[in-house]
Structures are given as C-alpha cells and as structure tokens.
2 protein chains.
Amino acid sequence: MYKVALVDDHTLLSEAIGGLVRQFINFEVVNISVNGKEFINYLENADSDKPDVVLMDVKMPVMGGVETTKYLSKHYPRIKVLALSVEEEESVVMQMIRSGAKGYLLKDTRKSILEQALLEVINYGFYYTNTVERIVSQTENLYEEEVVLKDREIEFIKHACTEMTYKQIAEKMFLSPKTIEGYRESVFQKLGLKNRTGLVIYAIKNNIFTP
Amino acid sequence: MYKVALVDDHTLLSEAIGGLVRQFINFEVVNISVNGKEFINYLENADSDKPDVVLMDVKMPVMGGVETTKYLSKHYPRIKVLALSVEEEESVVMQMIRSGAKGYLLKDTRKSILEQALLEVINYGFYYTNTVERIVSQTENLYEEEVVLKDREIEFIKHACTEMTYKQIAEKMFLSPKTIEGYRESVFQKLGLKNRTGLVIYAIKNNIFTP
DNA sequence: TTAAAAAAGGGGATTTTCCCCCTAAATTAA
DNA sequence: TTAATTTAGGGGGAAAATCCCCTTTTTTAA
C-alpha cells in the first residue's frame, strides 16, 4: 500500500483530491495538512505511517511549498514531493524543482495523470510533464546565475509596491533617500529592470509582494 | 435528486469535487465544464438534466465566472450559481454577487459546509458565509458610485502595466503623448490613485492585467 | 438641430525617478 | 590583523511622471 500525504491550505480541495487518491488501487491517504509547518509537525510525531509521496501545494500561509520541500529534501530525503499547484509561472516551477520536488502537476491535469505521476514518482523517482520538461531544460541551459536579493532589498521592494515615493520609503525604513536610491539601483541591475513598474510586476510574479 | 454542475478550468479539482458531491445524499453531478462557454453550450443542447445549482469558479480562460453568471442570471434564472473560488479579493466577491451568484465559497471551506451551502441555496435561494455577509453589507452601504472605465482607458492601463514609458505607450496606441497624459489623469482621478505603481496594483487586483 | 459631452491634444511647471560616479564606516573573511 | 565586502550615504544631471489649466474636433443626446 503506497502512502500519500496532502499539503494544501484549501481544505475542500485536499479532501476532494484525497478522495480521488483513495480510489486508486494500492493507495492510501495518511495525512492532510493545511501548511508545511503542520505537515512537518505531523512527520516528527509519527514514526511509522510516513508517506511515500507528498502532494504539495506551493502558495500556502505560514510555511509555503518551496520552504517545506527544501526542509523535506534535507531531513526526509526518502519522502518524494510532487508539487500540485495552479501556479504556471516558470520561476515558481523552477523554484520547486530546485528545492527537490520530483515533479510538478498543474491542477488542470486529469485524474489518470495524477495516478500515473504518483506511480512514476514512487517507482522511478520522478515525473515530468512535457511543460515542466521544457521549462527545466530551457532554464537549466540558460546558465542564469541565480539572482540573490538581500533582506534589506526585499524589504525595499515590498515598500516599492505601494504608492509611497522613495523619500517616504526612506523615512519608513529609517534610512537616507540616497540609500534607498542605492537599493533601487542594485535591484534594477540584478533583475534587469527599466523602471518601478517592472519592479512591481517582478515582485508580484515572484511572490515578494501579494496585491 | 438535486442536480449539480461544475464549471472550473482545473479539471483535477472539478473531478475531485464532483466525487465529493456525489457522496452527498440526494445529489448527482450532471455536467463538468472547463469554462463558461462550454457550460452554456451544454445547457443549450440538453433540455432535460438542467442543473439546479452550478458550482462556478471565477478565474477561467475563454469565459470567466462573472460573465457566465451574468448570462445565466438573465437566460436561466432558475439555475442557481454558487461561486467556488480561491479569490478572496472583496471586489471579486462583490462582482460575483452583483452578477447574480447566490453565494461565494472559498476553496478552503469544509466538505460539510459545501453540502450545507448547496442545500440552502436550493431550498432558501442563497447561502452567505460570515465573510461574504460582512463584505456585502460593508460594500453595499458604502454608496460607492461604481467606477466606469472606458475601453480606451482600460487599454491604456494594460500598457501602463509594462515597462514602457508613456511616450512609448502613446506610440503603440497611435496617439499623442498628451492624450495618454489625459487618460492617466482621468484614471488616477476616478480611482483615487497617486502614481503609476498604484495603478499597476489596482489593475492586477481587478483583473485588468494579469502578471 | 443645437447644446452637451466625450475624445484628442497642448503649454508649462514641479516633483519623482533614473543614472553614473564616488566616499566612509562597519562587518566579515583570510 | 589586514584586505575585501557589505552597508549606508552623497553630488549632480537628465528623463519621466505628475499636476493644472486650456483648445479643438467629433459624437451623442435632447
């Protein structure tokens, strides 16, 4: 019997998908959690019954999919993570794969694909759809040196996603406008942006800011 | 036997939720469509078997939840629409309610609530959760004269959500920069915005632009 | 058919943003 | 403990964005 766990903040969906998984032969659902923290908590207190596969949502409150997957890859490498999300954004897909996810399913896939994906992840270690395959190969070859934003820069970006002027942002962060100017410059440079509008779009796409 | 239809572009979810609904006593699923257009198409070709309730997603390609609900309210007033979405945005909730939805469930509600909501919508005509109740009463009392944006303004807004300068937007729209300036002015005035950043956030919140 | 509104465009001033180049202190690594 | 990096900050200028007030043409409605 293969053991499956679900991590998704949308209870109705995880319950419903749990029902689907139970229909598959040789599958059982051992746990449903609403976020990564709750799931890890479950793992530490249950020595047996550890799942073989986790169906993991990406966007969740408290502890998101990326962070949780990183944790699992490190501390429970035998548990396979299969991402299951509505996010089609390439960067999101790549983040999950880089964090150790063995596959990435969109929520518009069919029931039969879900079963196939679960089986393949268990038996072969991974399952890539064509879309994900493409994204991975494209992005991987494109030797993109991963952009690393510093904490202070992230904070600046969040503020930049409001109607405040840079001067007002400086006040709010207790810094000189010129320092903010420096953050702006380095962020623009790192991300290849032309103006603040681009920054806002970037921040939203990458979940730094949620409108 | 109450007849339920599902409209959601995420096949896996609608299949799964369909399974849930089938578990409820006296309920059957008569149709699952991936968008409003497909659903309406189904309705016109099936004289019997018309559903009592439709579980409707909001964000869908081709024909979204708001548009579809408006159409149903007009042409099939006896079919009740129950929105089922991840969108928590107040404006989105209000748009659905105004379009004729009899209730609005978030995808993180429990199975039992779904059953209760379905029953109440069928028997009493509507089902409002506390959250929706609050949003409706707040927004309704707040005699907000609905902002009407013109087509040309919407087009401008979409362009303003890119890294183009206003001059470049003017070129793209075959207009003088000064005309664009006029659009900017009137849009800012109508929406009470301070700068372009605010406009971008507004556009994304209101699905004028999707990043 | 005539008045009113909407659409397109302009002048000119101020503020904000963007860009490049440069310095001092503090922290970190070798 | 020195060298390198990070963090914070500055000068000055050009380009955009913002604001206010005003004109002409086209559409729409009474």
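Convention: sequence-line order gives letters A, B, ...; per-chain numbering from 1. None of these values were measured; they are calculated from a predicted model. Values reported hereafter were calculated over all heavy atoms of this structure, with side chains retained and with hydrogens, waters and symmetry mates removed.
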What parts of residues 153-173 of chain B reach DNA chain D, counting only heavy atoms under 4.0 Å away?
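Result for residues 153-173 of chain B: T165(B), Y166(B), K167(B), sorted by number.
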Tell me: [atom1] of [X] to [atom2] of [N], nearest whole Å?
X	N	atom1	atom2	answer
N195(B)	dC19(D)	CG	C1'	13 Å
R196(A)	dT17(C)	CZ	P	5 Å
L175(B)	dG10(C)	CG	P	11 Å

How many angstroms lie between CG in L118(A) and CG in L55(A), if you round to the nearest 0.5 Å?
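The CG atom of L55(A) is 5.5 Å from CG of L118(A), to the nearest 0.5 Å.
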For dG11(D), does OP1 or OP2 lie under 4.0 Å from any side-chain N or O of K178(A)?
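No, no such contact exists.
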Can you tell me if the side-chain N/O atoms of K194(A) get under 4.0 Å from OP1 or OP2 in dC18(C)?
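For dC18(C), OP1/OP2 do not have a side-chain N/O of K194(A) under 4.0 Å.
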Taking 4.0 angstrom as the limit, do [X] and [Y] come out as a salt bridge?
X	Y	answer
E67(A)	K70(A)	no
K102(A)	E120(A)	no
E155(A)	K158(A)	no

Distance-minimising heavy-atom pair for Y128(B) and E133(B)
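Here Y128(B) and E133(B) meet closest at CB-OE1, 4.2 Å.
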Full working for ring pair (Phe, Tyr, Trp, His ring centres under 6.0 Å) between Y124(B) and F126(B):
CA-CA 6 Å; Y124(B) 301 105; F126(B) 70 98; 8.0 Å; no
Tell me, please, whether Y76(A) has R78(A) positioned over its six-membered ring: NZ or CZ under 6.0 Å from the ring centre and within 45 degrees of its axis?
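Not satisfied by the 6.0 Å and 45° rule.
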Y166(A) ring centre to R196(A) NZ or CZ under 6.0 Å, with the angle to the axis within 45°?
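Yes; both conditions hold, so R196(A) lies above the ring face of Y166(A).
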Got a sec? Which of residues 179-192 of chain A come in under 4.0 Å of DNA chain C, heavy atoms?
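Listed by number, they are E181(A), R184(A), E185(A), F188(A).
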